[in-house]
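The next block holds one structure in the form of structure tokens; read it before the comments.
What you see below is based on every heavy atom in this structure, not just the backbone, and it leaves out hydrogens, waters and symmetry mates.
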Amino acid sequence: MSTRWIPRTAVKGYLRLLRLPLDAMIGLLPGNPENGEGVKPAAQLAVERADASVRSLAGTLLGDSALREDGQRRRQAARERERALRLRGRAEEKAESADTLLQESEERANKQRQRAREAAEDRRRVAETQAQKQKERAADAESLRREAARQSAQEREKAIEERAAREELRNLEANSEALQAREQELAARDEARRLAEAAGAVKAERKSEN
């Protein structure tokens, strides 16, 4: 048995006894040593680094290369674990950042889809409004066309009636003039006959006097 085995065993036993309450307290701390969350992983690393430093220092003071190498291995392991936790933390930060970017991208996409739906709805309402206005304008134009046709028909009927009335009036005037001429002709004949009869009577009276 090496003479250095007894101090080495004493140092290790001392460290085990020293770490028991520390490990118990660390176990009560919040956090997850696997992903580096909380204060527990940092506390564990601090204890492991202190343990490694004590072993390395004790090995140097006692001239125990095995103890010193054990301390160095533990220190290197603590460094690797710290590095791994740091890398895991960065990876988680990147993952969280990616999740945030993904969420923001989805939110932007949702907003764009919402804006697209709203724009499509606005276009649909505008199209319906324009179609309704076109229908109303077409109905108004048809109503105006029918009213114009009705007024035109009334004006034509009125013109026909007025033309017929004027024609009838002209016919009546012509008939009246013809009747008047006939009456004048008959009156002239009666006057001529009366004059002739009067002349005959005068002549007959003269003959009777002779």
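Rounding to the nearest 0.5 Å gives a distance of 13.5 Å between CD of E167 and CD1 of I160. Between atom CD of residue Q114 and atom CD of residue E121 there is a gap of 10.5 Å, rounded to the nearest 0.5 Å. For the atom pair K158 NZ and Q151 CD, the distance stands at 11.5 Å (nearest 0.5 Å). R16 CZ to D51 CG: the interatomic distance, rounded to the nearest 0.5 Å, is 10.5 Å. The CG atom of L57 sits 11.0 Å away from atom CZ of R68, with the distance rounded to the nearest 0.5 Å. Distance check: R55 CZ to T60 OG1 gives 13.5 Å after rounding to the nearest 0.5 Å.
When all heavy atoms of A52 and G71 are compared, the pair lying nearest together is CB-O, 3.2 Å.
Look at E142 and R146 and you find a salt bridge, because one of the NZ, NE, NH1 or NH2 atoms lies within 4.0 Å of a carboxylate O, short of that distance. Between R115 and E118 there is no salt bridge, since no side-chain N of the basic residue sits under 4.0 Å from a carboxylate O of the acidic one. Looking at E136 and K133, no side-chain N of the basic residue comes within less than 4.0 Å of a carboxylate O on the acidic one, giving no salt bridge.
For the side-chain contact (heavy atoms from CB on, under 4.5 Å) with S56, the qualifying choice from R73, E69, R75 is R75, the only one to do so. None of Q132, R125, R124 except one satisfies the side chain to side chain donor-acceptor pair (under 3.5 Å) rule with E128; the exception is R124.
Between the side chain of S53 and the backbone N or O of R49, at least one donor-acceptor pair lies under 3.5 Å. Looking at S152, its side chain never comes within 3.5 Å of a backbone N or O of A148 through a donor-acceptor pair.
A heavy-atom distance below 4.5 Å is not found between the side chains of E48 and R74.
Defined by atom type and a distance below 3.5 Å, a donor-acceptor pair is present between the side-chain atoms of Q44 and R81.
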Can you check side-chain contact (heavy atoms from CB on, under 4.5 Å) on Q76 and Q72, steps first, answer last?
CA-CA 6 Å; Q76 183 64 28; Q72 292 175 351; over 6 Å; no
List the steps and the verdict of side-chain contact (heavy atoms from CB on, under 4.5 Å) for R150 and E147.
CA-CA 5 Å; R150 185 184 65 80; E147 180 63 21; 2.3 Å; yes
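Counting non-hydrogen atoms of other residues, nucleotides and ligands closer than 6.0 Å to CZ of R166 gives a total above 12.
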